[in-house]
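Below: one structure, written as structure tokens.
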Amino acid sequence: MKLTLFLLPLFFTFSLIISSHHPLDPLTPSEFKKVRTIVKKSYPSGLKHNLTFQYIGLDEPEKPVLQSWLSSKTKSNPPPRRAFVIARLHKETHELVVDLSNRYIISDKVYGGNDGYPMLTNDEHTAASALPFSYQPF
């Protein structure tokens with residue numbers, strides 16, 4: 001019984017230490033879901049036009065911000081968590097930065113030309129594969 005009373009506070013202390021995030025930790029599964037929700041709410045027409053996510057990853061904080069946080073004694077206010085996203089919508093590639101704590105898109109850079117396209121999605125690949133058979137000379 002005494003051992004249980006001794007170990008219980010240690011368990012809670014250890015679990016609190018593990019649950020805190022370092023600013024350079026990878027995104028968690030719940031953060032991935034949050035990114036998807038934020039982007040889909042920002043582009044509701046994307047649901048009708050096959051919004052696809054090609055990449056979602058951590059947008060690392062600037063080095064001076066990180067160094068300032070590391071040098072603080074309390075480490076109470078870590079840099080904001082942000083995600084870097086590459087998504088396809090309306091046949092364009094969007095490069096997004098999403099603020100996870102405030103739940104909004106900070107930037108959206110659109111690539112409209114031939115440069116910057118990621119690989120085809122399954123639907124695009126299927127459509128491209130069927131295209132030659134609909135062209136009579138082929």
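All residue numbers in this chain count up from 1 along the given sequence.
Separating the CZ atom in R88 from the CG atom in D123 is a distance of 11.5 Å, to the nearest 0.5 Å. Note that CZ of R81 is 10.5 Å distant from CD of E60, once rounded to the nearest 0.5 Å. Atoms OH and CD, on Y55 and E95 in that order, are 11.0 Å from each other to the nearest 0.5 Å. Here CD1 of I56 is found 10.5 Å from CD1 of I86. Values are rounded to the nearest 0.5 Å. Here the OG atom belonging to S107 is positioned 8.0 Å from the CG atom belonging to D59, to the nearest 0.5 angstrom.
Taking every heavy atom of both residues into account, D25 and L58 meet most closely at O-CD2, 3.4 Å. Taking all atoms of both residues into account, the shortest heavy-atom contact from W69 to P79 is CG-CD, 3.7 Å. Closest of all the heavy-atom pairs between A128 and P132 is O-CD, 3.3 Å. The two atoms that bring F53 and K40 nearest to each other are CE1-CE, 4.3 Å, heavy atoms only. In plain terms, the two heavy atoms of L27 and A83 that are nearest each other are CD1-CB, 3.9 Å.
The backbone N or O of I38 sits less than 3.5 Å from a side-chain atom of S42, completing a donor-acceptor pair.
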(request) Carefully, step by step, assess Y43 and L96 under the rule side-chain contact (heavy atoms from CB on, under 4.5 Å). (result) CA-CA 12 Å; Y43 299 100; L96 309 164; 3.8 Å; yes
(message) Test side-chain contact (heavy atoms from CB on, under 4.5 Å) on I106 and R82; report intermediate values, then the result.
(response) CA-CA 9 Å; I106 295 171; R82 296 180 176 169; 3.2 Å; yes
(request) Would you sort out whether H22 and L70 count as a side-chain contact (heavy atoms from CB on, under 4.5 Å), showing the intermediate values? (result) CA-CA 10 Å; H22 185 279; L70 286 171; 4.1 Å; yes
(request) Show the numbers, then the answer: is there a side-chain contact (heavy atoms from CB on, under 4.5 Å) between V97 and I105? (result) CA-CA 6 Å; V97 177; I105 295 175; over 6 Å; no
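Between K34 and R103, some side-chain heavy-atom pair lies under the 4.5 Å cut-off. L24 has its side chain within reach of P61: a pair of non-hydrogen atoms, C-beta onward, lies under 4.5 Å apart.
Checked by atom type, the side-chain pair D99/S101 shows a donor-acceptor distance below 3.5 Å. Using modelled atom types and a 3.5 Å distance limit, the side chains of E124 and T126 yield no donor-acceptor pair.
When V110, L51, T52 are each tested for a side-chain contact (heavy atoms from CB on, under 4.5 Å) with L89, only one passes: L51.
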